[in-house]
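Hydrogens, waters and symmetry mates are skipped; everything else that's a heavy atom, side chains included, is used. The model shown is predicted, which means the values in this text are computed figures rather than measured ones.
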Amino acid sequence: MDDPVPGAAQAPVDVLASTASVTAQSPTGEAQRRRSFDDFFRAEFPRLLALARALCGSATADDVAQEAMLAAYRDWPRIEGYDSPEAWVRRVCIRRATSILRTRAAEASALLRLQARPAQAESFPVEPEHEAFWAEVRRLPKRQAQAAALRYVYSMSVADVANVMSCSQGAVKSHLSRARATLSERLDLDGGDDAS
Amino acid sequence: MTLDSLANSAATAMHRRIEGRDLDADLIRLRRASHRRTRTQIVTCIVAVIILATGWLALRPGRPAAVPARPHPTPSPAHLHANGPIMGFANGVPASGPGGTSLCRVVAIDPLTGKATRQAAPAPGPCDISLAWSPDGRDLAELTQSGQISVRTPAGAPSAFLATCVNCTGLSWSPDGRTLASGSPDGILLIDASTGTTRRLLAGTYVWNPSWSPDGTRIAYAHADAPLKLSLDVVGVDGRGQRTLMPAAGHDGLVLQVAWSPNGRQIAVLALGAKKGAQTWPVRILSVDPRDGSVTMLHDSGGTCYCVGASPSISWAPDGRALAAWMPIRPVDGGWTLYTMLPDGSGLRAVPGDRLMVFTWWRAAG
C-alpha cells in the first residue's frame, strides 16, 4: 500500500481553519470600514456641502453633496485606499454640481424632498452681498466657477485646486485670473491677481 | 471692499450656516439612499436576466421561434376571385353531339363556387391535348390530338394554324408572348406565334410538357430517360445549360406536368408515384427549387390514378399565390375533382361541382 501523501490529510483542516478565520474577521473589517467612512463623512461633508452650495445654490446642494458622498460610500473600500479620498469626493462633487442635467434632476429631487420634510434648520443669517457673490460665481464659465469655488470655500492652494480639477496649475491660474477679473467687474470691487 | 475680503466673508458665512447641521441625520439618509440604490440595481438585474432568458428560450438554436397559432390557411375567396376563373375542358356531352359524337367545350370555372360557364361553341371530336392562354390573356393556343397547333381568340374568331407536331405534349407561351413551346419525342419545338416558323431544342430528347421560366431565359420540362422514367430538366432557350433538377430516381415515378411559378422560385411538378409490383400510381404534387433541385412534397393522393382518358394537370394562379390541380379525389374512389391549394401545399380545397375535365389552367382576371 502506498504511503499517504504528506500533508494530504491536513489540507481540509487548513481550508476549514482559513475559512473560519475569514468568517470571524469579516464583521470586524466591516465595522472598521464603517467607522472609517463615518469619520470621513463628518469631516468632509460640511465643506462638501458648502462647495455644492457655491456651485449650484442651496436648493440642490444637499442632493449634489449627498450624491458625491454616496458614490464614495458605495465604493469605500477602494476610495479609502486613495492618497486623498477628499480630493476624489470633491472632484465628484464639482462635476455633478456643474452638470446641467444632473443639476436639473437634483432640483426636481430637492423639490420633492422639501415637500416631504422640512429642511434642516440653519440659524445663521444670510447676507445679501454674500448671496450676490455666490450667484456671480455660479454665472462664471464652468471651469472658472469650479476653480473659484474650490479656492474660496476650501482656501485651497493652486496646487490642490489643480489636483481636484485634474488639470495643470497653469490652467488653474488662468481660470482663477479670469474669474477674479469677471467677478471684480460684475461686483464693482477691487480685484488683483492672487493666484499663488 | 476688495474681492478677497468679500470672498472670505462669504465663505465664512456659508461654513457657519452649515455648522449647525445634524450630520448624523445626513449619514442615516445617505445609508438609506444607498440601500434604495442597491435594491433598484438588484431589481434591474433580475428584470434584465428575465428578459435575456426569455429571449434566449425563444431564439435558441434548434428550436423554432414561438409564433402565434393561426388557423389552417386556405386560399381566401377574394384572392381566388382576383385571379380570374380556372379554365378547363368539359367533354362527354353526348346529347349535344351530332350522331352521338362526344363534344368538347371550354368552360370557365369560378374557383370559389365551382360554377362553370361555357366559353366557346362545342366542336365535334375529342378534346384538345393542351390549351394555353397568351400572357396578355387575349389569345388561346391549342394543341389537338392530331398534332395541329393553332391560335385563336376565345370570342370565336377562326383559328390561325401555326404548325404540326405529332405526338407533342403541352403548350407554353414565352413571357413576351412571341413564342410557343411544346414537348415532342424529338426535343422542344419552338413556334413563332405570328409566323408559325419553328426550330428545335435538344433534338433527339423525348420532352413532355415544357414550361417557360417567368424571366424567359429557361424552359423546364419532363425528360423521358427510359419508359416510365421521367426526370425534371431545365435548359436555356438557346439550347445550352441543360441539367437535371430532379432525377427520375429521386422521386421514383413519372414527371407528368411542369409549371414554373410566376415569381420563378418554384417549379410545381405533378408526378405519378410508382409502386413496385402494382399498377397503381398515386398522384403527387411536388415543389422543386430551380436553384438547387431540392424537392418538397406538397400533396400525395395516396391512392390509385386511373389515368385512362384523363390526365392529371396543374397550373399556377396568375399572381402565384395558389395552385389549381385536376386529380383524383382523396381517398381515391375513381372520381376526380378540381382542387386549389397554397404554394406550400397547405389549404387544399375541393372546388364544388361535378364535371368531366381533362385539363385545367388558370387565366388572369379581366
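Counting heavy-atom pairs under 4.5 Å between each of B:A7, B:A33, B:A11 and chain A puts B:A7 at the top.
Side-chain contact between B:L3 and A:Y152: present, with at least one pair of heavy atoms (C-beta onward) separated by less than 4.5 Å. Counting heavy atoms from C-beta outward, A:P46 and B:E19 have side chains that stay 4.5 Å or more apart. In this structure, the side chains of B:D26 and A:Q66 stay at 4.5 Å or more apart for every pair of heavy atoms. Between B:L27 and A:F37, the closest side-chain pair of non-hydrogen atoms falls below 4.5 Å. Counting only heavy atoms from C-beta outward, the side chains of B:M14 and A:L49 never approach each other to under 4.5 Å.
Between A:D62 and B:R21 there is a salt bridge, since at least one side-chain N of the basic residue sits less than 4.0 Å from a carboxylate O of the acidic one. Salt bridge A:E67/B:R29: absent, no basic N to carboxylate O contact under 4.0 Å.
Counting heavy atoms of neighbouring residues, nucleotides and ligands inside a 6.0 Å radius, atom CG of A:D83 does not exceed 12 of them. Shown here is A:D188, whose CG atom has no more than 12 heavy atoms of other residues, nucleotides or ligands within 6.0 Å. More than 12 heavy atoms of other shown residues, nucleotides or ligands fall within 6.0 angstrom of atom CZ in B:R243. The neighbour count for B:R178 CZ, taken as heavy atoms of other residues, nucleotides or ligands under 6.0 Å away, does not exceed 12. Summarising the local packing, CD of A:E185 is surrounded by 12 or fewer heavy atoms from other residues, nucleotides or ligands at distances under 6.0 Å. In A:R42, the CZ atom is crowded: over 12 heavy atoms of neighbouring residues, nucleotides or ligands sit closer than 6.0 Å.
Interatomic distance, B:T2 OG1 to A:L187 CG, rounded to the nearest 0.5 Å: 11.5 Å. Residue B:L23 holds its CG atom at 11.0 Å from CG of A:D38, rounded to the nearest 0.5 Å.
Between the side chain of A:R74 and the backbone N or O of B:S34 there is at least one donor-acceptor pair closer than 3.5 Å. Remark: the backbone N or O of A:V153 is paired with a side-chain donor or acceptor of B:H15 at under 3.5 angstrom.
When heavy atoms are compared at a cutoff of 4.5 Å, A:L70 approaches chain B by way of both its backbone and its side chain. Both the backbone and the side chain of B:T38 come within contact range of chain A, judged by heavy atoms closer than 4.5 Å.
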